[in-house]
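If you're wondering where the values come from, they're calculated on a predicted model, not measured in any experiment.
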Amino acid sequence: MNASILRARTPRRGWKPCAAGAAVVAALLTSTACGPNEADATAPGTSSAPPSATSPTSPTSPTSPTKPTKPSDTPAPAPSRTTTSKPDGGSGAVAACTAEDLSVSAVEEPTDKDENRHFVLTVQNAGDDTCDLYNYPHVMLGDAAAPTPVIKESDSDPGVPVTLEPGKEAYAALLVSGGARDEYEAKHITLTLQGRKPGSRAGGPIDVPMPVSTLYADDGQLVTYWTTASGFALDFIMSR
């Protein structure tokens with residue numbers, strides 16, 4: 001009795017293990033076919049997601065062509081005329097006279113007097129071009145502290161420059177002493193030409209040959225404006 005029971009409970013060797021093995025194999029095959037390999041799912045640097053499609057590059061909008069510049073209706077300004085700069089800083093068709101243009105002399109008037117008070121300064125255009133004399137000469141008698149003042153009479157000023165053609169002369173009368181005070185000896189005379197602008201100078205001092213060895217000047221000295229008539233210039237000083 002007991003032996004038959006024991007025999008009935010003892011399983012047959014080799015059948016159930018094979019069935020179990022077949023079931024395991026079937027399960028593995030099913031898992032392999034249905035899902036990704038575990039190693040593939042966890043491989044570093046590998047994405048399980050499918051690569052996204054690259055969006056096409058949007059075309060660049062075409063650049064509008066540059067519009068050609070419209071020529072201006074306004075005519076271009078005419079080129080300015082260039083004038084030659086003069087020594088006095090001015091400009092014009094006729095240059096201011098300079099020391100290089102002139103020869104200078106001084107003559108006592110009248111020549112038979114012993115006073116040595118009245119003189120005529122003469123300049124001659126020794127150059128090849130016409131030039132202008134402006135206002136009056138800046139005269140220095142000896143070591144004077146300032147130039148000789150000009151006569152203030154209104155009709156002594158011509159108001160325009162004296163134009164000297166080559167070989168022509170101009171004159172200014174000089175009163176050395178007017179009977180005033182502070183007399184001193186003057187052993188040399190210089191004059192400086194004025195430029196176009198009042199008070200300007202056209203070049204440096206010019207030495208004037210002394211008409212006498214020594215002049216006795218004082219603070220009454222005067223000079224006239226340039227003129228082309230020596231007698232007209234003398235009229236302003238001879239009565240003094």
Participant: What distance do Y134 atom OH and L193 atom CG have between them, rounded to the nearest 0.5 Å?
Facilitator: 12.0 Å
Participant: Flag the pair L234 / V120 as yes when at least one side-chain heavy-atom distance between them is below 4.5 Å, and no otherwise.
Facilitator: yes
Participant: Check T192 against P205 and note the closest heavy-atom contact, atom names and distance.
Facilitator: OG1-CA, 3.4 Å
Participant: Membership question, hydrophobic clusters at under 4.5 Å side-chain separation (ILVMFWY): are V150 and M238 in the same one?
Facilitator: no
Participant: Can you tell me how far the CE atom of M140 sits from the CD1 atom of I206, to the nearest 0.5 Å?
Facilitator: 14.5 Å
Participant: According to side chain to side chain donor-acceptor pair (under 3.5 Å), who are the partners of N135, at least two apart in sequence or on a separate chain?
Facilitator: Q194
Participant: Are D155 and F236 side-chain neighbours, meaning at least one heavy-atom pair lies under 4.5 Å?
Facilitator: yes
Participant: Please answer whether the main-chain N or O of L175 pairs with a side-chain N or O of Q221 as donor and acceptor at a distance below 3.5 Å.
Facilitator: no
Participant: Evaluate the side-chain proximity of N116 to E108: yes if any heavy-atom separation is below 4.5 Å, no if none is.
Facilitator: yes
Participant: What I'd like to find out is whether the side chain of T148 reaches to under 4.5 Å of the side chain of L141, using heavy atoms alone.
Facilitator: yes
Participant: How long is the straight-line distance from NE2 of H118 back to CG of L222, given to the nearest 0.5 Å?
Facilitator: 10.0 Å
Participant: What are the two closest non-hydrogen atoms of D129 and N125, and how far apart are they?
Facilitator: O-ND2, 2.9 Å
Participant: So does D157 have more than 12 non-hydrogen atoms from other groups sitting under 6.0 Å from CG?
Facilitator: yes
Participant: Apply side-chain contact (heavy atoms from CB on, under 4.5 Å) to the pair Q124 and K168, showing each step before the final yes or no.
Facilitator: CA-CA 6 Å; Q124 183 183 50; K168 298 298 183 179; over 6 Å; no
Participant: At what distance, to the nearest 0.5 angstrom, does CZ of R117 lie from CG of L174?
Facilitator: 11.0 Å
Participant: In chain order, what residues pass the side chain to side chain donor-acceptor pair (under 3.5 Å) check against E165, with sequence neighbours excluded?
Facilitator: none
Participant: Taking the side chain as every heavy atom from C-beta outward, state whether V223 and I151 have any pair of such atoms under 4.5 Å apart.
Facilitator: no
Participant: Quick one: are V208 and S105 in side-chain contact, heavy atoms under 4.5 Å?
Facilitator: no
Participant: Got a second to check how far W226's CH2 is from Y171's OH, nearest 0.5 Å?
Facilitator: 11.0 Å
Participant: For the atom pair SG (C97) and CG (L133), what is the distance rounded to the nearest 0.5 Å?
Facilitator: 4.0 Å
Participant: Ignoring hydrogens and angles, tell me if any N or O in the side chain of E169 forms a donor-acceptor pair with the backbone of V123 under 3.5 Å.
Facilitator: no
Participant: Quick one, P211 and F119 - any side-chain contact, counting heavy atoms below 4.5 Å?
Facilitator: yes
Participant: Could you tell me if the side chain of L191 sits less than 4.5 Å from the side chain of V104, heavy atoms only?
Facilitator: yes
Participant: Please walk me through it: do T130 and L164 pass side-chain contact (heavy atoms from CB on, under 4.5 Å)?
Facilitator: CA-CA 6 Å; T130 298; L164 281 186; 5.8 Å; no
Participant: Flag yes if Y216 and V212 sit in one hydrophobic cluster, no otherwise; membership is Ile, Leu, Val, Met, Phe, Trp, Tyr, and two members link when side-chain heavy atoms are under 4.5 Å apart.
Facilitator: no
Participant: What closest approach, in Å, do L102 and C131 show between heavy atoms, and which atom pair accounts for it?
Facilitator: CD2-SG, 4.5 Å
Participant: List the steps, then state whether side-chain contact (heavy atoms from CB on, under 4.5 Å) holds for T224 with E153.
Facilitator: CA-CA 9 Å; T224 67; E153 295 178 25; over 6 Å; no
Participant: How about D143: does its CG atom have over 12 heavy atoms from other parts shown lying under 6.0 Å from it?
Facilitator: no
Participant: For P137 and L121, which heavy atoms make the closest approach, and how far apart are they?
Facilitator: CG-CD1, 4.5 Å
Participant: D101 and A96: which non-hydrogen atoms are nearest, and at how many Å?
Facilitator: OD2-O, 4.0 Å
Participant: Following the transitive rule for hydrophobic clusters with a side-chain heavy-atom cut-off under 4.5 Å over Ile, Leu, Val, Met, Phe, Trp and Tyr, establish whether V107 and I237 coincide in one cluster.
Facilitator: no
Participant: Going through the distances and angles, do E185 and L215 end up as a side-chain contact (heavy atoms from CB on, under 4.5 Å)?
Facilitator: CA-CA 6 Å; E185 289 186 0; L215 293 174; over 6 Å; no
Participant: What closest approach, in Å, do A173 and A233 show between heavy atoms, and which atom pair accounts for it?
Facilitator: CB-O, 3.4 Å
Participant: In chain order, what residues pass the side chain to side chain contact (heavy atoms under 4.5 Å, CB included) check against D182, with sequence neighbours excluded?
Facilitator: D219
Participant: Between D132 and T163, does any side-chain donor sit less than 3.5 Å from a side-chain acceptor?
Facilitator: yes
